[in-house]
Protein chains: 2
Amino acid sequence: MGNSRVTLRRVAEIAGVSPATVSRVSRGTTPVSPEVRDRVLRVIEEHGYKPSHFGRALAERRHGALGLVFPGLSGPYFSELIQGFEAEALETGDSVLVLASHSRADTDATVLDLADRVDGMAIHGGTVSTDTIGKVAQQIRVVVMASEAGPAQASVSAANDTVKDLTRHLLVDHGYRRLAFVGMPDGSPDVTARWQAFLAAHKSARRKPPAEPIRVGLQQSDGAIAAEQLLDRDDRPDAVVCANDETALGLLLSALGRGLRVPQDVAITGFDDMPMAALVRPALTTIRQPIRELAATTARLLADPLDQPAGDIVLPTELVLRSSCGCGGVP
Amino acid sequence: MGNSRVTLRRVAEIAGVSPATVSRVSRGTTPVSPEVRDRVLRVIEEHGYKPSHFGRALAERRHGALGLVFPGLSGPYFSELIQGFEAEALETGDSVLVLASHSRADTDATVLDLADRVDGMAIHGGTVSTDTIGKVAQQIRVVVMASEAGPAQASVSAANDTVKDLTRHLLVDHGYRRLAFVGMPDGSPDVTARWQAFLAAHKSARRKPPAEPIRVGLQQSDGAIAAEQLLDRDDRPDAVVCANDETALGLLLSALGRGLRVPQDVAITGFDDMPMAALVRPALTTIRQPIRELAATTARLLADPLDQPAGDIVLPTELVLRSSCGCGGVP
DNA sequence: TTGTATGCGTTATCAG
DNA sequence: CTGATAACGCATACAA
């Protein structure tokens with residue numbers, strides 16, 4: 001199990017050619033005479049030669065890798081994001097190095113470390129300080145995801161203001177009186193934007209919004225925690241707008257488990273339109289965002305050699321009306 | 001935004017010392033006179049010198065990074081696994097590079113590529129072919145997770161045979177007659193072992209198990225898909241053993257959404273004991289496995305310089321009886 | 001304590 | 001088409 005790798009130079013010796021020629025054969029870039037090529041190829045095969053990444057990285061001054069930084073990666077959202085990113089990176093022959101900063105204190109240091117191993121980095125909104133993003137950006141190319149990044153960096157995000165349409169739908173079309181919002185704006189640019197849209201819809205409908213959101217995380221268990229604060233009291237809201245599908249599902253599960261009827265006793269909506277949203281009963285009313293496309297666009301921005309102008313790309317989202325808001329009668 | 005990094009040599013020039021001295025100061029390993037040290041340190045600070053990873057990696061012939069390979073990473077299970085792994089790697093100063101092979105065809109190639117960027121690799125069971133694992137193992141140190149790996153590799157997994165106790169509990173203590181198993185044994189060593197334990201419990205209780213499991217994946221939406229096959233027919237099972245909590249929760253949600261009572265109409269159990277299991281109503285009967293410890297043990301095996309004997313470490317698991325199996329009366 | 005010289009594995013430049 | 005030779009950025013015996 002030794003680390004006894006065969007080096008390029010060794011292959012050259014055995015094949016009786018110069019190191020340069022082995023490099024040429026190995027990379028297939030420059031023309032080499034068929035006979036020499038075959039001979040070298042055979043030696044490579046026999047001795048299991050594999051070019052060393054850092055040797056190549058050092059000489060080429062590029063890593064052939066892209067970094068992807070997340071706050072955490074539980075749930076289908078991040079899974080989808082990574083897949084979209086990897087699929088696109090594959091096109092350009094880049095590897096993907098994923099970093100899940102579980103809101104640890106040393107995240108910034110870790111990100112800086114990663115910056116040293118990749119040619120470009122996609123950073124999810126709310127993961128690292130803008131200060132650190134700046135530092136990374138002056139070293140390698142950076143694209144911010146799910147957050148508008150200001151003039152300095154390029155960014156790709158999805159339109160969160162559709163939450164305004166959703167909230168209006170609840171308020172006006174269905175006539176719900178007491179709405180609640182589940183999600184913690186602080187730290188997540190996406191949630192902040194959704195909470196703002198929720199507020200804006202109340203304002204334009206001349207209705208009084210709740211003073212505060214229910215501040216919980218974005219995982220399903222957080223939806224269950226929100227349920228304890230929301231469902232067990234007398235002035236239960238008659239409709240709840242959740243920051244994402246995960247929490248909406250957690251809330252839905254908790255509501256049903258308490259014997260409440262959805263949407264009759266309480267309406268519930270989400271954001272993302274993950275697979276589970278359509279499968280559950282009642283089917284979840286939500287907002288569809290093109291996660292894969294968001295990731296792919298980001299990867300493309302990172303890989304493309306031509307210098308795009310740093311700007312904010314905002315992908316469209318779509319309101320998906322199902323049963324959990326009260327549409328389409330009782331399922 | 002240029003890539004104009006300051007090199008060690010440049011720092012040496014500016015500070016008027018030799019490159020070696022800068023290296024010594026930078027690493028803080030060999031003693032250097034205070035005056036020189038301060039001078040060099042100041043230059044490093046002023047010019048923002050950061051040692052290059054590949055330069056160092058090339059010279060030291062190590063990357064200072066560990067690889068972590070997964071089939072996918074949706075859900076709390078993988079999230080927890082990564083956190084446990086990273087926390088431990090942090091101790092030894094290693095970075096963690098995560099690779100999520102979303103059951104793509106080119107996974108093996110990607111893994112081989114990663115093998116070139118790290119000093120050791122943890123591979124989750126059922127992710128890559130044993131053939132590829134072998135190749136990687138003769139290049140760097142490898143530990144297999146959640147799967148017993150045979151004599152060649154070290155492995156760390158959790159005891160799946162507790163599913164036998166769980167199944168017996170359902171069969172004997174509660175007297176359920178028709179059990180079903182949700183999960184796809186093929187491809188996941190963990191699920192295979194759980195299905196085997198499920199079968200074994202039937203055998204030792206002299207009861208006839210179902211001929212086949214409900215072959216779905218491990219995500220929550222798969223639980224909802226299983227529900228369609230399981231809950232809408234006349235000979236509905238009276239108890240369902242799910243391969244993990246995610247699918248159990250998906251099934252539970254679907255059951256409640258259909259107006260079925262749990263556990264009265266159908267009992268449901270899971271595996272993992274994720275946070276949501278205790279929060280949901282009815283609370284989920286499940287098996288607790290020490291995910292974090294599993295990950296930490298793996299990381300330790302990878303980092304430790306002393307050559308552990310390649311062997312299978314099996315961590316204990318614990319049956320957690322709650323309400324969804326019928327225990328403790330109706331919640 | 002500090003400097004010099006060499007090696008790490010590969011690519012790039014320039015002759016031939 | 002092929003071969004020397006010089007980077008690439010850093011660490012480390014060895015010498016001073």
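Letters A, B, ... are given to chains in the order of the sequence lines, protein chains preceding strands, and every chain is numbered from 1. The shown structure was predicted, so the numbers you read here are calculated from the model rather than taken from an experiment.
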Query raised in the report: Taking N and O atoms by type only, does the side chain of B/R24 place a donor or acceptor under 3.5 Å from a partner on the base of C/dG3?
Result: yes
Requested in this report: Looking at every strand, decide which applies to A/V22 at a 4.0 Å heavy-atom threshold: base, sugar-phosphate, or nothing.
Outcome: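 No contact.
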Query raised in the report: Just checking B/L58: base, sugar-phosphate only, or nothing, at a heavy-atom cut-off of under 4.0 Å?
Result: base
Whole angstrom value for the distance that separates [atom2] of [N] from [atom1] of [X]:
{"X": "B/R39", "N": "C/dT1", "atom1": "CZ", "atom2": "C1'", "answer": "13 Å"}
{"X": "A/K50", "N": "C/dG9", "atom1": "NZ", "atom2": "P", "answer": "14 Å"}
{"X": "A/R9", "N": "D/dA6", "atom1": "CZ", "atom2": "P", "answer": "12 Å"}
{"X": "B/L8", "N": "D/dA7", "atom1": "CG", "atom2": "P", "answer": "17 Å"}
{"X": "B/R27", "N": "D/dG9", "atom1": "CZ", "atom2": "C1'", "answer": "14 Å"}
{"X": "B/R61", "N": "C/dG7", "atom1": "CZ", "atom2": "C1'", "answer": "9 Å"}
{"X": "A/R117", "N": "D/dG9", "atom1": "CZ", "atom2": "P", "answer": "17 Å"}
{"X": "A/R56", "N": "D/dA7", "atom1": "CZ", "atom2": "C1'", "answer": "17 Å"}

Counting only side-chain N and O atoms of [X], is one of them less than 4.0 Å from OP1 or OP2 of [N]?
{"X": "B/S23", "N": "D/dA11", "result": "yes"}
{"X": "A/S18", "N": "D/dG3", "result": "yes"}
{"X": "A/S33", "N": "D/dT2", "result": "yes"}
{"X": "A/T7", "N": "C/dG9", "result": "no"}

Report task. Could you check A/H63 against A/D116 for side-chain hydrogen bond (donor to acceptor under 3.5 Å, both in side chains), going step by step and ending with a plain yes or no? Result -> CA-CA 9 Å; A/H63 303 263; A/D116 223 87; 5.8 Å; no
Report task. Just compare D/dG9, C/dG3, D/dG3 and give me whichever is closest to any side-chain atom of B/V17. Result -> C/dG3
Query raised in the report: From C/dT10, C/dT2, C/dC8, pick the nucleotide closest to the side chain of B/V32?
Result: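 Shortest atom-to-atom distance from the side chain points to C/dT2.
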Query raised in the report: Between A/H53 and B/F54, does the ring centre distance come in under 6.0 Å?
Result: no
Query raised in the report: In terms of the nearest nucleotide of DNA chain C, which residue is placed more toward the 5' end: B/E60 or B/P34?
Result: B/P34
Query raised in the report: How long is the span from the CG atom in B/L41 to the OH atom in B/Y49, to the nearest 0.5 Å?
Result: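 Rounded to the nearest 0.5 Å, the CG-OH separation comes out at 12.0 Å.
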Report task. Over 60° means perpendicular and under 30° means parallel, so classify the ring planes of B/F70 and B/H124, tilted if in between. Result ->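 If you compare the ring of B/H124 with that of B/F70, the planes turn out perpendicular.
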Query - Most 5' of A/P31 and B/P19 on DNA chain D, judged by nearest nucleotide - result: A/P31
Query raised in the report: Does the side chain of B/S188 come under 3.5 Å of the side chain of B/D190 through a donor N or O and an acceptor N or O?
Result: no
